[in-house]
**Student:** 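Let me begin by handing over the structure; questions about it come next.
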Amino acid sequence: MLVTEEILGDVKRRLQAAIATRRHAMHAPVVVDETGDARIMVLRGVDDGLATLRFHTDARSPKAALFARGAAATVLAYDPDERVQLRMKGVARIERAGPMADAAWAATSTMGRRCYLAEHAPGVPVAAPGATLPQALGQRRPTLEESEAGRTNFAVLLVSVLEIDWLQLDSRGGTRAVLRRAGLDTPWQGGWVSP
């Protein structure tokens, strides 16, 4: 088996498991923007060709404004049990409307939608600590109808992956592979590199 097929298969398996299982170590990787700001985000989707990773975000957040301009992004995930680190680099974009954003919103539970009902955008100074949800929703799940008000604040963050750096640590020094492609419609190339 070619190194590209072996590594791509492993990455795909790990990411699909992370999406399906909330307790998977790679369920919430670190997403780093081109300024170096890092945040933990829940991985919501990955396509079969490992071309695009999908996350959900508040459209009012500073990261949404940055990624809406097509900023570079790095997604870092680590599985401590298997000692595998994935660094995936690419270009991010934001979708607030359209079939993908609509489908993602429709698949989001009312409790997940609750996050987008906050009265203030992320990072805005507030007078007291805590969430800025409407008082009526402070202690309960919104109804489906109530949750629809959050749709305007919901966005999909898509990272188009152009490089995968796969590292498995072990007592012998580890094993590492780096794969790259020029664009989403070009094949992956690369191979084993020194860890």
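In this text the structure is predicted, and so the values were computed from the model without any measurement. The residues of the chain are indexed from 1 along the displayed sequence.
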**Student:** Measuring from T152:OG1 to L117:CG, what's the distance to the nearest 0.5 Å?
**Tutor:**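 Answer rounded to 0.5 Å: 11.0 Å.
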**Student:** Between the main-chain N or O of R83 and the side-chain N or O of D79, is there a donor-acceptor pair closer than 3.5 Å?
**Tutor:**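 No.
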**Student:** Applying a strict under-4.5 Å side-chain criterion to I, L, V, M, F, W and Y, I'd like to know whether M100 and W105 cluster together.
**Tutor:**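 Cluster IDs for M100 and W105 match.
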**Student:** Would you check if the side chain of R114 reaches a backbone N or O of T110 as a donor-acceptor pair within less than 3.5 Å?
**Tutor:**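 No, R114 side chain to T110 backbone: no donor-acceptor pair under 3.5 Å.
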**Student:** Please name the pair of heavy atoms, one in R151 and one in A101, separated by the smallest distance, quoted to 0.1 Å.
**Tutor:**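 Reported closest heavy-atom pair: NH2-CB, 3.5 Å.
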**Student:** Do L53 and L8 sit in one hydrophobic cluster, given that two such residues count as connected whenever their side-chain heavy atoms are within less than 4.5 Å of each other, even indirectly?
**Tutor:**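 Yes, because L53 and L8 connect within a single hydrophobic cluster, where side-chain heavy atoms sit under 4.5 Å apart.
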**Student:** Once rounded to the nearest 0.5 Å, what's the spacing between atom OG1 of T57 and atom CZ of R44?
**Tutor:**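 If I round to the nearest 0.5 Å, the distance is 11.0 Å.
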**Student:** Determine the minimum heavy-atom distance between A104 and F154, stating which atoms define it.
**Tutor:**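 Looking at all heavy atoms of both residues, the shortest contact is CB-CZ, 3.9 Å.
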**Student:** Would you say R113's side chain and E146's backbone share a donor-acceptor pair under 3.5 angstrom?
**Tutor:**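 It does not hold such a pair.
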**Student:** For R172, look at atom CZ and say whether over 12 heavy atoms of other residues, nucleotides or ligands are found less than 6.0 Å away.
**Tutor:**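 No, because the 6.0 Å sphere around CZ of R172 holds 12 heavy atoms or fewer from other groups.
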**Student:** Could you check whether any side-chain N or O of R22 sits under 3.5 Å from a backbone N or O of H27, counting only pairs where one atom can act as donor and the other as acceptor?
**Tutor:**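 Looks like no, no N/O pair under 3.5 Å.
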**Student:** Report the distance from atom CZ of R181 to atom OG1 of T186, rounding to the nearest 0.5 Å.
**Tutor:**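 If I round to the nearest 0.5 Å, the distance is 6.5 Å.
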**Student:** The test is side chain to side chain contact (heavy atoms under 4.5 Å, CB included); show your working for E6 and W192 and say whether it passes.
**Tutor:** CA-CA 11 Å; E6 182 180 347; W192 301 115; 3.9 Å; yes
**Student:** Look at the side chain of N153 and the backbone N and O of Y116, then say whether any donor-acceptor pair between them is shorter than 3.5 Å.
**Tutor:**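 Side chain of N153 to backbone of Y116, a donor-acceptor pair under 3.5 Å: yes, one is there.
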**Student:** Please report the shortest heavy-atom distance between A155 and A59, naming the atom on each side.
**Tutor:**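 Shortest heavy-atom contact: CB-CB, 3.9 Å.
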**Student:** Does R176 pair with D165 as a salt bridge, N-O distance under 4.0 Å?
**Tutor:**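 D165 and R176: salt-bridged.
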**Student:** Enter the distance from D47:CG to L15:CG here, rounded to the nearest 0.5 Å.
**Tutor:**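 CG of L15 is found 10.5 Å from CG of D47.
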**Student:** If you take all heavy atoms of A51 and L184, which pair is closest and at what distance?
**Tutor:**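 A51 and L184 have their closest heavy atoms at O-CD2, 3.6 Å.
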**Student:** Please report the closest heavy-atom contact between W188 and G49, naming both atoms and the distance.
**Tutor:**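 The answer is NE1-O, 3.7 Å.
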**Student:** Can Q85 and L76 be said to form a side chain to side chain contact (heavy atoms under 4.5 Å, CB included), step by step?
**Tutor:** CA-CA 7 Å; Q85 172 185 277; L76 175 65; 3.7 Å; yes
**Student:** At what distance, to the nearest 0.5 angstrom, does CZ of R69 lie from CG of D33?
**Tutor:**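 Between R69 CZ and D33 CG, I get 9.5 Å after rounding to 0.5 Å.
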**Student:** Is R60 reaching over with its side chain to a backbone N or O of P122, donor-acceptor style, under 3.5 angstrom?
**Tutor:**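 It does not hold such a pair.
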**Student:** If you look at every heavy atom in P195 and T175, which pair is closest and at what distance?
**Tutor:**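 Nearest pair, atom of P195 first, then T175: CG-N, 4.2 Å.
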**Student:** In terms of hydrophobic clustering (I, L, V, M, F, W, Y; side-chain heavy atoms under 4.5 Å; direct or indirect links), are F55 and I19 co-clustered?
**Tutor:**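 Yes.
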**Student:** Under 3.5 Å, is there a donor-acceptor pair between the side chain of R39 and the main chain of D37?
**Tutor:**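 Here the side-chain-to-backbone pair exists.
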**Student:** Out of curiosity, H120 NE2 to L133 CG, how far, rounded to the nearest 0.5 Å?
**Tutor:**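 The NE2 atom of H120 sits 10.5 Å away from the CG atom of L133.
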**Student:** Treating Ile, Leu, Val, Met, Phe, Trp and Tyr as nodes and any side-chain heavy-atom pair under 4.5 angstrom as an edge, say whether I94 and V156 lie in one connected cluster.
**Tutor:**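 They do not share one cluster, since no chain of ILVMFWY contacts under 4.5 Å joins I94 to V156.
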**Student:** When you group the ILVMFWY residues by side-chain heavy-atom contacts below 4.5 Å and let the links chain together, are M88 and L43 in the same group?
**Tutor:**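 Yes, L43 connects to M88 through the hydrophobic network.
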**Student:** Please check this pair: side chain of Q168 against backbone of E82, looking for a donor-acceptor N/O pair closer than 3.5 Å.
**Tutor:**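 Yes, the answer is positive, given that a donor and an acceptor are paired below the 3.5 Å cut-off.
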**Student:** Evaluate the criterion side chain to side chain contact (heavy atoms under 4.5 Å, CB included) for residue pair Q16 and D48; output intermediate values, then yes/no.
**Tutor:** CA-CA 9 Å; Q16 288 176 335; D48 283 339; 3.9 Å; yes
**Student:** Apply side chain to side chain contact (heavy atoms under 4.5 Å, CB included) to residues T52 and L158 and explain how you reach the verdict.
**Tutor:** CA-CA 6 Å; T52 307; L158 300 167; 3.8 Å; yes
